[in-house]
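The structure appears below as structure tokens.
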Amino acid sequence: MARSWILHVDLDQFIAAVELLRHPELRGRPVVVGGSGDPTAPRTVAATATYEAREHGVHSGMPLRTALRRCPDAVFLPSDPPAYEAASERVMAVLRELPVLVEVWGWDEAFVGATVDDPEALAAGLRAAVLDRTALSCSVGIGDNKHQAKLASAFAKPGGIFRLTGENWAEVMNDRPTDALWGIGARTAKKLAGLGLRTVADLAAADPAELARAFGPVNGPWYHYLALGRGEAEVVTTPWVARGHSRETTFARDLTDRDAVAAQVAELAGQVASDAAAAGRLCARVTVKVRFTPFLTRTRQSTLPVATADARVLTEAALAVLGRFDLDRPVRLLGVAVEYTPPEA
DNA sequence: TCTGGGGTCCTAGGACCC
DNA sequence: TCTGGGGTCCTAGGACCC
């Protein structure tokens, strides 16, 4: 009997796979992608690493200098976001040609909604179509909702299909730590453990009211809901409307000069303004972010009297916000973020 | 492992208003 | 004048995700 399913399509090693299509001679070699491709650049991290590089202990998020130490034979490639964006669009276009609902969820993943008898057959069809048309491999998770489908695709990697529904949820998930759930990370897992809740089963059996006291009225009950295997089940096909936008830069060497700091903030504000104008959006609020050495991050924000995408106005506002910081320590990062007004109807 | 860049949503406290 | 209850907006920070 046909019923509705949520599938999560997750491209395998997406960035690395795109790079290997462009550089087939590197197949089988350890490859690390990140920054401008210079592994000696400080304060630069890996966007991804191939399985061959992972065997040497390299992983995404690792400083390139560390990756170079661990795997001196690795090939280091610069990150090329426009290429990944283009590859992503080709994949999503393939999915949209199929008789399913498609909700894009970032560069390398999408949720698919369909009503079918045999979801494994649909998943195999999606995988084959993507591989045939783009030469990229993906894994597919099948669930009753997005949360289950998302976890299922991770179990399916690489290049497989896995079904996680209400039927096998407890069997598959109950003994796993709480941070196996999508939306519970290391910090929350630790706090849960402090309450004696270590596994998904523990959390599923917990009192939502007690969780609300510890984590807030929305988050607490939400964690309980996740532990039961529940989640959003509606596939939204309308394009995502960004809530805001930001630009930030980590400097290879700390900034200590006030004027240099102000100049960088003005530069970032100008970029954000032109991004907003290009997107046809207005900015309602400006936030300046300063990361001091060592790694102490502070933000200050202000609501604009009138929403705008005017570069001069945004730059002045950002500089005024910057003026509220104590710039008494070396600065390693500066950022400017804006919150958009909802788009005109 | 001296720790990127770009997002989203929630929380808590205070201001302010009726 | 020893003092309620609620609603909304603003700000700073935290957590999580890719």
Side-chain angles (χ1 to χ4, degrees), chain A residues 8 10-11 13-15 32-36 38-39 41-49 56-71 78-79 81 84-85 88 104-110 146-147 150-151 153-154 178-192 212-223 226 232 240-254 268 271-272 275 284-305 321 324-325 330 332-340:
Chain A
H8 181 251
D10 199 328
L11 290 152
Q13 288 261 288
F14 175 61
I15 292 173
V32 180
V33 183
S36 55
D38 173 8
R43 297 177 180 177
T44 307
V45 303
T48 191
H56 292 82
V58 178
H59 55 79
S60 64
M62 174 178 280
L64 291 184
R65 296 175 125 178
T66 308
L68 179 61
R69 220 179 307 128
R70 293 202 175 183
C71 188
S79 176
Y84 314 141
E85 183 65 45
S88 176
V104 176
W105 201 270
W107 274 353
D108 60 346
E109 49 184 313
K146 290 178 182 172
H147 179 212
K150 169 82 184 176
L151 298 184
S153 70
T178 54
D179 62 3
L181 299 169
W182 187 34
I184 295 186
R187 308 296 287 247
T188 303
K190 196 171 172 191
K191 201 169 161 187
L192 286 166
R213 278 191 290 279
F215 297 96
V218 174
N219 287 337
W222 176 251
Y223 298 153
L226 291 178
E232 175 66 52
W240 178 254
V241 177
R243 311 294 199 258
H245 179 63
S246 67
R247 293 271 190 155
E248 63 183 59
T249 311
T250 293
F251 305 104
R253 298 183 55 194
D254 293 335
L268 291 163
Q271 282 177 25
V272 168
D275 295 338
R285 201 190 306 272
V286 185
T287 301
V288 174
K289 173 166 154 185
V290 180
R291 178 124 73 210
F292 298 99
T293 305
F295 227 75
L296 175 76
T297 307
R298 288 287 176 267
T299 62
R300 294 283 180 277
Q301 59 181 301
S302 87
T303 300
L304 298 169
V321 171
R324 288 160 39 204
F325 281 91
R332 67 174 279 148
L333 170 146
L334 290 170
V336 173
V338 291
E339 187 179 304
Y340 288 145

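In this text, all values refer to a predicted model and were calculated from it rather than measured experimentally. Chain letters run A, B, ... following the sequence lines, proteins first, then strands; residues in each count from 1. Values below: every heavy atom of this structure, side chains too, minus hydrogens, waters and symmetry copies.
- Listed pair A/Thr249 / B/dG5 fails the phosphate criterion, with no side-chain N or O lying under 4.0 Å from OP1 or OP2.
- Distances shorter than 4.0 Å separate none of the side-chain N or O atoms of A/Arg65 from OP1 or OP2 on B/dT3.
- As a whole-Å value, the separation of A/Asn219 CG from B/dT8 C1' is 12 Å.
- Counting non-hydrogen atoms under 4.0 angstrom, A/Ala47 reaches nothing in the nucleic acid.
- Closest to the side chain of A/Ser246, out of B/dG5, B/dG7, C/dA12, is B/dG7.
- Summarising the geometry, the separation between NE2 on A/His59 and P on B/dT3 is reported as 13 Å, rounded to the nearest angstrom.
- If you measure from atom CG of A/Asp275 to atom P of B/dG5, you get 15 Å, rounded to the nearest angstrom.
- Rounded to whole angstrom, the span from the CD atom of A/Glu232 across to the C1' atom of B/dT8 amounts to 15 Å.
- OP1 or OP2 of C/dT11 lies within a sub-4.0 Å distance of a side-chain N or O belonging to A/Arg285.
- Using a 4.0 Å cut-off, some side-chain N or O of A/Arg332 falls inside it from OP1 or OP2 of B/dG4.
- Taking the P atoms as reference points, C/dC18 lies 23 Å from B/dT3, given to the whole Å.
- OP1 or OP2 of C/dC18 has at least one side-chain nitrogen or oxygen of A/Lys150 nearer than 4.0 Å.
- At B/dG5, one or more side-chain N or O atoms of A/Thr250 fall inside 4.0 Å of OP1 or OP2 (strictly under the cut-off).
- Cation-pi contact between A/Arg298 and A/Phe292: absent, since separation from the ring centre below 6.0 Å together with deviation from the ring axis within 45° is not met.
- The side chain of A/Thr188 sits closest to C/dA15 out of C/dA15, C/dC18, B/dT3.
- Contact annotation: A/Arg300 side-chain N/O to C/dT11 OP1/OP2 distance is not under 4.0 Å.
- Among the atoms of the strands shown, none is found under 4.0 Å from any heavy atom of A/Ala337.
- What separates CH2 of A/Trp182 from P of B/dT8 is a distance of 14 Å, to the nearest Å.
- Note on A/Pro42: nothing from the nucleic acid sits closer than 4.0 angstrom, heavy atoms only.
- In this model, the phosphate group of B/dG7 is not approached by any side-chain N or O of A/Arg243 to a distance below 4.0 Å at OP1 or OP2.
- The phosphate of B/dG5 (OP1 or OP2) has no side-chain N or O of A/Arg43 nearer than 4.0 angstrom.
- The phosphate of C/dA12 (OP1 or OP2) has a side-chain N or O of A/Arg324 nearer than 4.0 angstrom.
- Proximity of a side-chain donor or acceptor of A/Thr188 to a complementary backbone N or O of A/Gly185 within less than 3.5 Å is not detected.
- Atom-to-atom, CZ of A/Phe295 to C1' of C/dG13 comes out at 15 Å; the value is rounded to the nearest Å.
- Look at A/His245 and you'll find a side-chain N or O under 4.0 angstrom from OP1 or OP2 of B/dG7.
- In this structure, the CH2 atom of A/Trp105 is 11 Å from the P atom of B/dT8, given to the nearest Å.
- The phosphate of C/dT11 has neither OP1 nor OP2 within less than 4.0 Å of any side-chain N or O from A/Ser302.
- Out of C/dG13, B/dT11, B/dT3, the shortest distance to the side chain of A/Thr299 is found at C/dG13.
- Within 6.0 Å of CZ in A/Arg187 there are 12 or fewer heavy atoms belonging to other residues, nucleotides or ligands.
- Across all strands shown, A/Gly216 has heavy atoms under 4.0 Å from sugar-phosphate atoms exclusively, and none from any base.
- Look at CG on A/Leu151: it is 15 Å from P on C/dC16, rounded to the nearest Å.
- Using a 4.0 Å heavy-atom cutoff across all strands shown, A/Arg70 reaches sugar-phosphate atoms only and no base atom.
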